[in-house]
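For reference, the structure is listed below as structure tokens.
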Number of protein chains: 2
Amino acid sequence: MSTRRARPTIRDVATQAGVSMTTVSAVVNSKGRVDPATRERVLTAVSEVGWRPRRSARALRSGQTGVFAMCLPVGHVGVGDWLVNAEYDMALVAACAAATVDSERQLLVAPRPKDVTDLVRLDVDGVIIADPREGDQALTVLNNAGVPAVTIDRDVQRTDGWWVETDNEGSTMQVLDHLAERGARRIALVTADAPWAWFEDTSAAYERWCAGHGVKPLVRLIDVERPRATAAAGVRGLLRLKNPPDAIFAIPYGTPLGALDAIVESGRSVPGDVLLAGGMDGQLMQGSSPPITAVDLRPLEMARAAVDLLARRVNGEQAAGPVVVETALRIRASTAGRETPLTSREPATRPAGRRR
Amino acid sequence: MSTRRARPTIRDVATQAGVSMTTVSAVVNSKGRVDPATRERVLTAVSEVGWRPRRSARALRSGQTGVFAMCLPVGHVGVGDWLVNAEYDMALVAACAAATVDSERQLLVAPRPKDVTDLVRLDVDGVIIADPREGDQALTVLNNAGVPAVTIDRDVQRTDGWWVETDNEGSTMQVLDHLAERGARRIALVTADAPWAWFEDTSAAYERWCAGHGVKPLVRLIDVERPRATAAAGVRGLLRLKNPPDAIFAIPYGTPLGALDAIVESGRSVPGDVLLAGGMDGQLMQGSSPPITAVDLRPLEMARAAVDLLARRVNGEQAAGPVVVETALRIRASTAGRETPLTSREPATRPAGRRR
DNA sequence: TAGCCGTGCCGAAAGGTTTCGTCAAAGAAG
DNA sequence: CTTCTTTGACGAAACCTTTCGGCACGGCTA
């Protein structure tokens, strides 16, 4: 006749099964020795009384919360911001969540606080920071408080080994080689001048590739706030050169579309007159006409690697250097070359379907 | 000379400040009466010893974890799945996180477990379920365990008032009226036959609108697994009719692009020959050529409302009926009518910029 | 002066779980 | 028949914070 049974505790389970709390604990944690028959009794008692563990009590006792936090990059408040590749970030979040669950943990998503010192009050076992800014204060704060952290993408000012990154140099070389193989003689780079490793690495690799092939670099910088429009402007300029490029590698998300705008506007065609490749894959690349060849940055693998790395750091392991994830070039019609037929290398479609 | 100071507790703060633990607690929680001078001493002691509260101890004592969980819709494992509007989901997650933080809580993201009963072991104060499936088992499980839950979007089989939804009927009427005003005489609907309230509501509203205007409904259903391709096929069929539509309202994300494919392929133009509107806004709509008029489903507002609603439910309030969020029609070139000049009603650009 | 009240602070218990040390009983070895 | 070992189980402390009741003290009223 009780109005509303209080949530049962391990003690209720113990009395129900006729054993001590210690034994119940041993059973549910698969620790210590316990008679198979007793174990059976305890397990049925658990489901009879409907007990489920309180994470707070466990955490208090063990000193570990069993929670990782993921600090989202800033700017995630507006839909329709061209700078955001929400697919990439969503993939990151979903994959981090899946990976933490696989390691018996939970994932907290935390917007970046106005005051970075609030990060430490999250009171979690570790923090994953996506897209750290240059010399990120958040990392200093976390380090001082002794909170383990790893980043997704390298903070250009940091040298500890606790981050995961893509092989930006390798992917750049791969794209340039691919363009050359498809007949490009003069490849321009459209990128941004911002303090992110992604930009720095790709630019450096481009310079090196050009030097190695004895050609002069041809670079246009865009405004990261308005990638599509400024990329279009930059490419318009390129196409008016006496010796215009016959291929364009556009890095920041959105810029390949700007480049395409300018190319079409000039009366040229892709891939007929100009080959076009993007630095970051996504729906915009697949859905454009023609579809645009782009680098798949492998957010899923990045996320898994980050969670693994953080788990290792939490366990007290020493830094073993950054984890490098290999990228994959998704070849599409925009680089259907003049010398080689197009081979589509789209990944196999995923099993689970979904609406919308 | 201690190798590594253990994390300080409230007791360390107390001794440092020369007061009791009770007083420290009173200070950090702004409860009870404490002399201003004492308060000052305690606060400096807190920062001196670097104390930060342990959420687990608090939670154990108070019986509330201070955590909400958000259960992501399935299917979020692959980038590049056309069915997923990652922007929408990312906005949902980010906004939920922001809202929970505003209410002094934390947000857990939880992939939908294979076994729904695992949901209950999250041990959180409440759960937000995005995109519930028809007669969602997860809700039954949570209800039975007494875990408060709300959903984002209505579960067609449920009648308790604990969900937030968009005004699907209103937005459909708005779109149809807009198309008519821009000169459409015969509007076709491209949608899916799936058990989601979004589809059911819009279809019903379309039928009603048609009846009200004395025109015959013209509907094509697509396969939610391949929205773009099947939408293109459907629209191809429509355009071959003796009396083809002069406007198309395509609901599931991706289908407006399929419609556009078919229209262009048939030698017609948008908006010259056919007006085109989409049921869900996103980058794909903005970035297409021409940009496509679409319904902004307001994920940010949905998320905030969901968190508020869940907070109310956790506090024991009674259901006050579902929360309905008004949508907004984003008018673009694809419905630049023949009778009225185009008025752009794009939302103002967001302040914070971001790369990529 | 006696009684009362408000202020500022404290002691101790409680909340649910894990773990350490202990213990009884039963079997094995001498 | 001892003594030792193994097995299976238990009691109680500890983890950190909040809260309830209470206490001492100074000032006020009657």
Side-chain angles (χ1 to χ4, degrees), chain A residues 5-43 45-46 49-67 104 106 120-125 145-146, chain B residues 5-43 45-46 49-67 104 106 120-125 145-146:
Chain A
R5 292 287 303 117
R7 183 166 159 193
T9 80
I10 210 181
R11 152 170 278 123
D12 300 318
V13 178
T15 48
Q16 169 84 0
V19 298
S20 73
M21 291 163 49
T22 309
T23 304
V24 176
S25 177
V27 168
V28 299
N29 295 310
S30 309
K31 273 182 185 169
R33 327 165 151 329
V34 33
D35 188 274
T38 314
R39 153 182 311 276
E40 216 39 60
R41 246 183 318 136
V42 169
L43 288 180
V46 163
V49 308
W51 175 84
R52 53 201 160 96
R54 261 145 196 89
R55 303 192 103 90
S56 39
R58 286 230 239 252
L60 178 58
R61 184 71 242 263
S62 68
Q64 300 244 323
T65 63
V67 177
E104 310 269 73
Q106 302 184 320
V120 111
R121 320 199 71 216
L122 288 175
D123 191 30
V124 294
D125 290 345
Chain B
R5 293 288 302 118
R7 183 166 160 192
T9 80
I10 212 181
R11 152 170 279 123
D12 299 318
V13 178
T15 49
Q16 169 84 2
V19 298
S20 75
M21 289 163 51
T22 307
T23 304
V24 176
S25 177
V27 168
V28 300
N29 294 311
S30 310
K31 275 183 185 167
R33 343 190 58 78
V34 31
D35 188 274
T38 315
R39 155 182 309 276
E40 214 39 60
R41 248 185 315 138
V42 169
L43 288 179
V46 162
V49 308
W51 175 84
R52 54 200 159 98
R54 250 152 281 245
R55 303 192 102 90
S56 40
R58 287 230 240 250
L60 178 58
R61 186 71 239 270
S62 68
Q64 299 244 322
T65 63
V67 178
E104 311 267 72
Q106 302 185 321
V120 111
R121 319 199 70 216
L122 287 175
D123 190 29
V124 293
D125 290 345

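In what follows, chains carry the letters A, B, and so on, assigned in the order in which the sequence lines appear, proteins first and then strands, with residues in each chain numbered from 1.
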N or O in side chain of [X] less than 4.0 angstrom from [N] OP1/OP2:
| X | N | result |
| --- | --- | --- |
| Arg58(A) | dT18(C) | yes |
| Lys31(A) | dT18(C) | no |
| Arg54(A) | dT17(C) | yes |
| Thr23(B) | dC9(C) | no |

Range on DNA chain D touched by chain A - first to last nucleotide, heavy-atom distance under 4.0 Å:
dT7(D) to dC16(D)
Could you give the CZ-to-C1' distance, from Arg121(B) to dT17(C), as a whole number of Å?
14 Å
Between Ile10(B) (CD1) and dG11(C) (C1'), how many Å, whole number?
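My rounded result for the distance is 14 Å.
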N/O donor-acceptor pair under 3.5 Å between Arg58(A) side chain and Pro53(A) backbone:
no
Less than 3.5 Å between a donor and an acceptor, one on the side chain of Thr22(B) and one on the base of dG11(C), is that the case here?
yes
Could you go through residues 33-43 of chain A and list every donor-acceptor pair under 3.5 Å that involves a side-chain atom there, pairing it with any protein atom two or more places apart or in another chain?
residue  : atom : partner  : partner atom : Å
Asp35(A) : OD1  : Ala37(A) : N            : 2.8
Arg41(A) : NH1  : Ala17(A) : O            : 2.7

Which is more 5' along DNA chain C, the nucleotide nearest Pro53(A) or the one nearest Ser20(B)? Just name the residue.
Ser20(B)
Answer with base, sugar-phosphate or nothing: what part of the nucleic acid does Thr38(B) contact at a heavy-atom distance below 4.0 Å?
sugar-phosphate
